[in-house]
There are 2 protein chains.
Amino acid sequence: MVKKPADPANGSAPAARQVPMRDFSRSLPMSLLRAREAVMRQFRPSLRQHGLTEQQWRILRALAAIDAVEVTELARTAFLLGPSLSRILRDLEARNLIERKTAKADQRRSMVSISKEGVKLMAAVAPNSEAIYAEITRRFGARKLAELQEMLGALEQSLAGLGSADDTLAEG
Amino acid sequence: MVKKPADPANGSAPAARQVPMRDFSRSLPMSLLRAREAVMRQFRPSLRQHGLTEQQWRILRALAAIDAVEVTELARTAFLLGPSLSRILRDLEARNLIERKTAKADQRRSMVSISKEGVKLMAAVAPNSEAIYAEITRRFGARKLAELQEMLGALEQSLAGLGSADDTLAEG
DNA sequence: CGCATTCATTTAACATGTTAAGCATCTCCC
DNA sequence: GGGAGATGCTTAACATGTTAAATGAATGCG
């Protein structure tokens, strides 16, 4: 893994190393990104076989646990931004995997629920998905997995309410 | 924050809970996603002030540590897929933040390096970025942070070479 | 040498992330 | 009860993720 010195034939190599920073590849965001990718890489092929993306699967899973939710709460649950969710719901509805009806009390609100077809699709995907998750758990260790999730939750807590309010130092 | 029970005025709520699965919000992918988002939320405003996205910043950081790299190796370092990197390099080059020249020995290869302007921009952003990272470290704890990164690395290792080769069980 | 194969990079096409606007609808308060 | 502002959702616009295909250049082999 040792980088060999640059080929001198290059002539005038542009300057570098002029801005000292932590080793890039070991930053927390990168670690989290790589770890998540390593995990998702396991699931994507199975989902793809059923014509589902990761986000569409998240939505179906969130819907499977309840009768109906408003779009905004679904966004929170599935951890998607409004615009993304809006597009995906449009597509899922076109595929008859979900149903929508405007709430009676408040015409602005739209109640989303999973359809029978959606349930069937979930039933087809879930076993595979659970098996993959089980294999991951087996490889990494159930105890370590629980520990990791605890630390991730603690990290979230540590940062809760840091940059959420209007950044008071970025306005001037 | 306690959710109130669904309004019974809804009438015939579509069936749910028909596909038993783990609690969705506690899955490993979701934990990783939320944790990473909590971290990146801290950095994005600062980067945005300098007209940089998270990925563009990753590329500049990767380039700052070396004289020049091939596109493919840069993709590995910055953890970006080829097509994404290709687009971003085009834009960064148009903004004169990077430079490119085709390698002499192999006309297919393109050597990418950071420009003087790129270095200047990095010098402007880096202090802020480091300060944010320091604050995150302070809040979460340096020791816990190191532990977390170790676990994330171990997770990656656990899954290395699982779904990377052509999935032998998805072909048939 | 000629040509099929491989390789590095880019382009294309579609899905999502992200921020800002738009559009209804609802709430509140005068 | 009417208009200002808040709220729920969608659309728009641009950047990236993701897979497949295209392009151009190097390589291997007959």
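Convention: sequence-line order gives letters A, B, ...; per-chain numbering from 1.
For residues 140-158 of chain B, the pairs satisfying salt bridge (Lys or Arg N to Asp or Glu O under 4.0 Å) are A:Arg34-B:Glu156, with sequence neighbours left out. Among residue pairs with one or both ends in residues 42-53 of chain A, those qualifying as salt bridge (Lys or Arg N to Asp or Glu O under 4.0 Å) are A:Glu37-A:Arg44, A:Arg44-A:Glu54; sequence neighbours excluded.
Judged as a salt bridge (charged side-chain N to carboxylate O under 4.0 Å, His left out), and not counting sequence neighbours, B:Arg90 has no contacts. With sequence neighbours excluded, the residues that form a side chain to side chain donor-acceptor pair (under 3.5 Å) with A:Asp106 are A:Arg108, A:Arg109. Annotation: side chain to side chain donor-acceptor pair (under 3.5 Å) contacts of A:Gln55 (sequence neighbours excluded): none. Residues passing the salt bridge (charged side-chain N to carboxylate O under 4.0 Å, His left out) test with B:Arg87, sequence neighbours excluded: none. In terms of the side chain to side chain contact (heavy atoms under 4.5 Å, CB included) criterion, residue partners of A:Pro83 (sequence neighbours excluded) are, by chain and number, A:Leu81. Applying the salt bridge (charged side-chain N to carboxylate O under 4.0 Å, His left out) criterion to A:Arg100, with sequence neighbours excluded, gives A:Glu93.
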What are the atom names and distances for every N/O pair under 3.5 Å that joins the protein to nucleotides 24-26 of chain C?
| unit_1 | atom_1 | unit_2 | atom_2 | d |
| --- | --- | --- | --- | --- |
| C:dT25 | O2 | A:Arg108 | NH1 | 3.4 |
| C:dC26 | OP1 | A:Gln107 | N | 2.8 |

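For the pair A:Arg44 and A:Leu85, both in contact range of DNA chain D, the more 5′-proximal nearest nucleotide belongs to A:Leu85. Residue-to-nucleotide proximity on DNA chain C shows that, of A:Gln55 and B:Arg48, the 5′-proximal contact is made by A:Gln55.
Residues A:Phe79, B:Phe24, B:Leu33 make up the rest of the hydrophobic cluster containing B:Met30, defined by ILVMFWY side-chain heavy atoms closer than 4.5 Å, directly or through other members.
Here the closest heavy-atom approach between residue A:Met122 and residue A:Ala64 is recorded as SD-CB, 3.3 Å.
Among the heavy atoms of the strands lying under 4.0 Å from B:Ser84 is at least one base atom, whether or not backbone atoms are also near.
Close approach of DNA chain D to chain B, defined as any atom under 4.0 Å from a non-hydrogen atom of the protein, starts and stops at D:dA15 to D:dA26.
Computed from coordinates, the B:Glu70 CD to C:dT10 P distance equals 12 Å when rounded to whole Å.
Listed in residue order, the members of residues 86-95 of chain A having a heavy atom less than 4.0 Å from DNA chain C are A:Arg87, A:Ile88.
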